[in-house]
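If you read the sequence from its start, that first residue is 1, and numbering goes on from there.
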Amino acid sequence: SYVLGLHGPCASYDTACSAALIAGHAGLRAMQMNECNIALVAGVTLMLTPGTGTSFGIAGMTSASGRCHTFDMRANGYARGEACGALALQHSAADAPLHMLGSAVRQDGRSASLTAPNGQAQQGLIVAALADGATAADALTLSEAHGTGTALGDPIEAGSLAGALLGSRAADLAPLAVGGVKANIGHAEPAAGMTGLLRLVVGLSSGMAAPN
C-alpha cells in the first residue's frame, strides 16, 4: 500500500494452504461493504531454505517421486512448488465476461489429525459458497480442487464434491470437470489458492478445462 499509494483496507493472511483464497474472500467482502472499489489480491511462496522441505519429507507428507499425482492411484504425497500470482477484483457491468459471485470460509474443526481434512466440513463450505453466490449446484461445470495428491486427502475431497454437487444433478447435464493445478506445478502452499484461482479464470475464459 505504501509503494502503490493505496488507502483502502490492507491485510496479510497466513492460513497455510488457503491463505491466498482467504485474501480473495476478504477482498470481495471489502468491495461488497463499499470499503474499496478495487481489491488487489496476491499470493506468493518461495523456497529459500531447505529446512521446511526436509521437515515435510521426514513427516511423510511429500511425494517420494516428486510429483503431485492428483486424483490418481499413484498419489503418494505432494511436491512443493514456488509461485507468485495476483488478480484484481473490481465492480463491473452485468455483461462482464467473468464474475466472482460468492465466497465462503470454513474450518475443518475436529478431524483425524491436524492435517487430515474433514469431508463434512468441506461439503458445508461448498454449500455455503453456492448460497452466497445464489448459484445452484447444477449450474457448475468446472471445479478447481485442492487436489494435493495424497491417498488420504484426495478421496475425501472427491467425496465432498460428489456429496455437495452431484446428489441431485440431472442425468442430462454436462459432466462436472474436476482438476487441480498442483498436478502441473506442484503445491505452492500459501500461494496454492491463487494458482488454482488463476487457472480457473483461464479455463472459464477459454471455455476449456485445463488437463492435469
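Once rounded to the nearest 0.5 Å, the distance linking NE2 of His7 with CD of Glu35 reads 15.5 Å. Note that OG1 of Thr62 and CG of Asn76 are 9.0 Å apart. Values are rounded to the nearest 0.5 Å. Summarising the geometry, atom NE2 belonging to His146 is positioned 9.0 Å from atom OH belonging to Tyr78; distances are rounded to the nearest 0.5 Å. Note that NE2 of His25 is 11.0 Å distant from OG of Ser18, once rounded to the nearest 0.5 Å. To the nearest 0.5 Å, the span separating CG on Leu101 from CG on Leu28 amounts to 9.5 Å. Here CD of Glu82 is found 4.5 Å from CE of Met47. Values are rounded to the nearest 0.5 Å.
The heavy-atom pair separating Gly77 from Ser63 by the smallest distance is O-CB, 3.4 Å. Of all heavy-atom pairs spanning Ala145 and Val178, the tightest one is CB-CG1, 4.1 Å.
Results of the side-chain contact (heavy atoms from CB on, under 4.5 Å) test with Met208 over Ser205, Ser206, Pro211 single out Ser206 as the only residue that passes. When the options Thr195, Leu142, Val181 are evaluated for a side-chain contact (heavy atoms from CB on, under 4.5 Å) with Leu200, the one that passes is Leu142.
The salt bridge (charged side-chain N to carboxylate O under 4.0 Å, His left out) check on Asp138 picks up nothing, with sequence neighbours excluded. Remark: Arg29 pairs with Asp132 by the salt bridge (charged side-chain N to carboxylate O under 4.0 Å, His left out) rule, at least two apart or across chains.
In this structure, Ile156 is not a member of the same hydrophobic cluster as Ile126, with clusters built from ILVMFWY side-chain heavy atoms closer than 4.5 Å.
With hydrogens and angles disregarded, no donor-acceptor distance shorter than 3.5 Å links the side chain of Gln90 to the backbone of Ile38. A distance-only check finds no donor-acceptor pair linking the side chain of Asp154 to the backbone of Thr70 [under 3.5 Å]. Without hydrogens or angle criteria, Gln122 side chain to Leu161 main chain gives no donor-acceptor distance under 3.5 Å.
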